[in-house]
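The figures here come from the full heavy-atom set of this structure, side chains too, leaving out hydrogens, waters and symmetry mates.
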Amino acid sequence: MAQAKRRHRPALIALVVVAALACLGLAWWQWTRFESGSGSGQNLGYALQWPAFAAFVVYAYRRFVMLEADPEEVAKLAPGARGATEVPADLLPERPSAPTRIVPEDDMPPEDRELAEYNRYLSALAQQEKK
């Protein structure tokens, strides 16, 4: 197979560099906070965590470039995947059906009568707005 053309993306590379430098800067800041009089173990934990984030940013970019350049590598990740799959019909619960029995307004509790009256009022307003 012919060598795939490598694509260079200056904006993406700049983003990776800025993100990695920001993570390293935050690590340095947490280290200085840890060494200060008010520093705690939490600052030390963050100081050790930020370089891992910087390394992950670089790793993720490298992995992105490798997967983009080599379609066979993508196929190795998910050998059985062939695109979207269908959800089995029996997986989800049945939708409840709408109530078929209409209760006369005289048999409704007072709160439901007020709600029905309010809904009629809103319906009338909507009809006026359409005209």
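Within a 6.0 Å radius of CZ in R62, no more than 12 heavy atoms belonging to other residues, nucleotides or ligands are found.
In this structure, the side chain to side chain donor-acceptor pair (under 3.5 Å) partners of W31, at least two apart in sequence or on a different chain, are E35. Applying the salt bridge (charged side-chain N to carboxylate O under 4.0 Å, His left out) test to R63 and every residue at least two apart in sequence or in another chain returns E73.
If you take CG on N43 and CH2 on W29, they are separated by 7.5 Å, rounding to the nearest 0.5 Å. We find the CG-CG distance between N119 and D112 to be 10.5 Å, quoted to the nearest 0.5 Å. Rounding to the nearest 0.5 angstrom, the gap separating the CZ atom in R120 from the CG atom in L115 is 10.0 Å. Atoms CG and CD, from L122 and E129 in turn, are 11.0 Å apart once rounded to the nearest 0.5 Å.
Connection of L12 to V57 is established within a shared hydrophobic cluster, with ILVMFWY side chains joined at heavy-atom distances below 4.5 Å, either directly or through further cluster members. When the side chains of ILVMFWY residues are joined at heavy-atom separations under 4.5 Å, either directly or via intervening members, Y61 and L15 end up in a single hydrophobic cluster. Following chains of ILVMFWY side-chain contacts shorter than 4.5 Å, one cannot reach V58 starting from F56, and the two form parts of different hydrophobic clusters. Under the 4.5 Å side-chain heavy-atom criterion for Ile, Leu, Val, Met, Phe, Trp and Tyr, F53 and L21 are members of distinct hydrophobic clusters. Hydrophobic clustering of Ile, Leu, Val, Met, Phe, Trp and Tyr side chains at less than 4.5 Å, counting indirect connections, unites V65 with I13.
Side chains of Q42 and Y46: a donor-acceptor N/O pair is present below 3.5 angstrom, by distance only.
Nearest approach of A54 to A20, heavy atoms of both residues: CB-O, 3.7 Å. Across all non-hydrogen atoms, the minimal contact from C23 to W50 is O-CB, 3.2 Å.
In this structure the side chain of F64 reaches within 4.5 angstrom of the side chain of R9, judged on heavy atoms. Inter-residue side-chain proximity for R33 and S38 is flagged as met; some heavy-atom pair is nearer than 4.5 Å.
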